[in-house]
**Q** 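Structure in structure tokens, see below.
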Amino acid sequence: MTSDTVSQLARLSVSLPAELLAQLDAMVAERGLPSRSQMISELIRHELAEHSESVTGAVLAGTLTLIYRAERGRVRQALAEAQCDFLKEVISSQHVFLEDDQSLEVLLVQGPSERLNALCDRLRKIRGVQQIKLVTTTALLPPLHAHGGEESPGSLQSGQS
């Protein structure tokens, strides 16, 4: 930790039932974390991101994971059409085939919470989709392209090495 990071830390005192504290300590140990604080910070970040999913206008980044049955390509076609309708929100996708004619697809997404939830709702309605899970964070991807033909900060100009 840098001295800047340490100076930005705030202390919090929390009272918990003994059984809950024991479960927290077990989770910290199972995950090999150095402290309760790190585990609690992770849990709080997760809850804040989940809460942001319902806040109108909150821009979030994350993953959308789908499990579906292929069923002769109809499902894949419907998924592709839905993703095209949310082209600004779907950054990339990764697809793998699973056993028993099932597929797993992970979408990297970013956009306003209401658009990401609308994408989930649209995908959830596709016949053959068995599971869908959106996991978000309030940390965003850096701009992928500059607007108006300007160079992105940190990008190389042509001719520079």
Side-chain angles (χ1 to χ4, degrees), residues 1-2 4-10 12 27-28 30-35 37-71 73-99 101-158 160-161:
M1 250 186 255
T2 66
D4 289 340
T5 305
V6 172
S7 66
Q8 294 177 358
L9 293 178
L12 171 68
M27 185 184 288
V28 169
E30 286 172 10
R31 294 187 181 185
L33 297 174
S35 68
S37 292
Q38 192 168 346
M39 185 76 247
I40 291 169
S41 292
E42 180 182 330
L43 294 170
I44 290 171
R45 281 188 199 97
H46 174 76
E47 287 302 313
L48 289 171
E50 191 171 296
H51 172 72
S52 293
E53 289 176 19
S54 64
V55 175
T56 303
V59 177
L60 306 169
T63 59
L64 202 160
T65 304
L66 298 152
I67 306 279
Y68 59 91
R69 289 207 175 273
E71 298 178 9
R74 291 185 188 143
V75 176
R76 282 191 218 110
Q77 179 65 32
L79 291 171
E81 289 171 5
Q83 290 176 40
C84 283
D85 290 343
F86 289 85
L87 203 52
K88 287 184 177 180
E89 290 77 25
V90 178
I91 308 300
S92 68
S93 67
Q94 178 74 41
H95 173 267
V96 294
F97 293 102
L98 303 174
E99 310 178 313
D101 194 36
Q102 290 185 326
S103 289
L104 172 110
E105 190 161 345
V106 179
L107 308 177
L108 175 59
V109 296
Q110 179 170 289
S113 59
E114 52 272 359
R115 288 286 293 168
L116 298 183
N117 286 318
L119 172 59
C120 287
D121 291 343
R122 171 89 178 270
L123 296 172
R124 190 173 281 118
K125 292 176 186 175
I126 296 172
R127 186 180 187 143
V129 171
Q130 297 174 325
Q131 292 176 292
I132 185 168
K133 175 79 173 173
L134 176 64
V135 177
T136 60
T137 180
T138 54
L140 301 179
L141 295 167
L144 300 176
H145 299 281
H147 297 284
E150 299 171 10
E151 288 293 319
S152 298
S155 67
L156 293 176
Q157 299 285 334
S158 55
Q160 292 181 336
S161 53

**Q** Does L134 form a side-chain contact (heavy atoms from CB on, under 4.5 Å) with L116? I'd like the steps, not just the answer.
**A** CA-CA 8 Å; L134 176 64; L116 298 183; 4.2 Å; yes
**Q** Rounded to the nearest 0.5 Å, what's the gap from CD1 on I132 to CD on E105? Could you check?
**A** 10.0 Å
**Q** Holding to side chain to side chain donor-acceptor pair (under 3.5 Å), I want the full list of residues that pass it with Q131, two or more places apart in sequence or in another chain.
**A** none
**Q** Test your reading of the model: is there a side-chain donor-acceptor pair from Q110 to the backbone of L140, 3.5 Å cut-off?
**A** no
**Q** Would you mind listing every salt bridge (Lys or Arg N to Asp or Glu O under 4.0 Å) that reaches into residues 37-52, with sequence neighbours excluded?
**A** R31-E42
**Q** Would you say the side chain of I91 lies within less than 4.5 Å of the side chain of V109, judging by non-hydrogen atoms?
**A** no
**Q** Please find the pair of heavy atoms, one from A61 and one from A139, that lie closest to each other, and give the distance.
**A** CB-O, 3.5 Å
**Q** I'd like to check Q130 versus R69 (side-chain heavy atoms, cut-off strictly below 4.5 Å). Are they in contact?
**A** yes
**Q** What's the shortest heavy-atom distance between S113 and G57, and which atoms?
**A** OG-N, 4.0 Å
**Q** Side chain to side chain donor-acceptor pair (under 3.5 Å) with H95: which residues, sequence neighbours excluded?
**A** Y68, S103
**Q** In this structure, which one of T136, L108, L107 forms a side chain to side chain contact (heavy atoms under 4.5 Å, CB included) with L64?
**A** L107
**Q** Who are the side chain to side chain contact (heavy atoms under 4.5 Å, CB included) partners of S37, not counting sequence neighbours?
**A** S35
**Q** I'd like to check V75 versus I126 (side-chain heavy atoms, cut-off strictly below 4.5 Å). Are they in contact?
**A** yes
**Q** For L123 versus A82, what's the shortest heavy-atom pair and its separation?
**A** CD2-CB, 3.6 Å
**Q** First locate atom CZ of R76, then atom CD of Q83, and finally report the distance between them rounded to the nearest 0.5 Å.
**A** 12.5 Å
**Q** Which residues satisfy the ring pair (Phe, Tyr, Trp, His ring centres under 6.0 Å) test with H46, sequence neighbours excluded?
**A** none
**Q** Just grab all the side chain to side chain donor-acceptor pair (under 3.5 Å) pairs involving residues 114-123, residues at least two apart or on different chains.
**A** D85-R122, E89-R115, D121-R124
**Q** Do L66 and V106 come close enough that some side-chain heavy atom pair is under 4.5 Å?
**A** no
**Q** Between I67 and L98, is there a side-chain heavy-atom distance shorter than 4.5 Å?
**A** yes
